[in-house]
Amino acid sequence: DTEVTQTPKHLVMGMTNKKSLKCEQHMGHRAMYWYKQKAKKPPELMFVYSYEKLSINESVPSRFSPECPNSSLLNLHLHALQPEDSALYLCASSQDRLTGTQYFGPGTRLLVL
Amino acid sequence: ILNVEQSPQSLHVQEGDSTNFTCSFPSSNFYALHWYRWETAKSPEALFVMTLNGDEKKKGRISATLNTKEGYSYLYIKGSQPEDSATYLCAFASSNTGKLIFGQGTTLQVKP
């Protein structure tokens, strides 16, 4: 099973809402990633978890809060977002942080009103 | 700032044509170069991971080459088919950080 699943597929939220994005993999991978992708731009790294510990935070605003409850799950908690945060949020996983292919989920399309 | 550039930005070809795209990346602190294919509404799919200068990889009609000294990789598609229509992304992995830096992609449209 080389699948990374993400829920929900689409999310519309207001600027005062709190919501969470979820990502799951069952490949035994120890590194998991959140990327943000705006239209016609490349995916941009937000966070990296390695062995369930946050190892990279790319200076992401605190209104995005990642969480890795266990080695298979990765959440992204959203609070007080801005319209410019509307984007596709991609989750990925890999064997470990430094080597190997990253396997991506299909993404969550987020619209902030 | 690490820049990964892909060209062309988009490409329209007829079924049966062969095509190629370029990915340029920094020639220092090289760890790996990844190629992904991303079809609309699907997950990006890994095609190749290349680590050694002079590497050539092949998967069916798709192949890729790597030149780490001059900082470029080519992706070739032989006899393009409509199902090859997708955005092809390359990503540079730095030995400093291990992070993937993506190019903007080349969007290929193959007309039947």
Could you look at [X] and say if it's the side chain, the backbone, both or neither that has a heavy atom under 4.5 Å from chain B?
X      : value
K40(A) : backbone
Q37(A) : side chain
E44(A) : neither

message: As an exercise: rank E58(A), K41(A), Q102(A), Q6(A) by heavy-atom pairs under 4.5 Å with chain B and give me the winner.
response: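 Maximum pair count with chain B is reached by Q102(A).
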message: Please determine whether the number of non-hydrogen atoms from other residues, nucleotides or ligands lying under 6.0 Å from atom CD of Q9(B) exceeds 12.
response: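 At most 12 heavy atoms, drawn from other residues, nucleotides or ligands, come within 6.0 Å of this atom.
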task: Identify the two heavy atoms, one from G105(A) and one from S43(B), that lie closest to each other, and give their separation to 0.1 Å.
output: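 In terms of heavy atoms, the two residues are closest at C-OG, 3.1 Å.
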field: Proximal component of Y36(B), with respect to chain A [non-hydrogen, under 4.5 Å]
entry: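 For Y36(B), the side chain is the part near chain A, not the backbone.
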message: Under a 4.0 Å threshold between the charged nitrogen and the carboxylate oxygen, would R30(A) count as salt-bridged to E52(A)?
response: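 Yes, charged N to carboxylate O under 4.0 Å.
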Pair E3(A) + K42(B), salt bridge at N-O below 4.0 Å: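 No, this pair does not count.
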field: Side-chain H-bond candidate by donor/acceptor type, T87(B) with T107(B), under 3.5 Å
entry: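 Distance-only check passes for T87(B) and T107(B).
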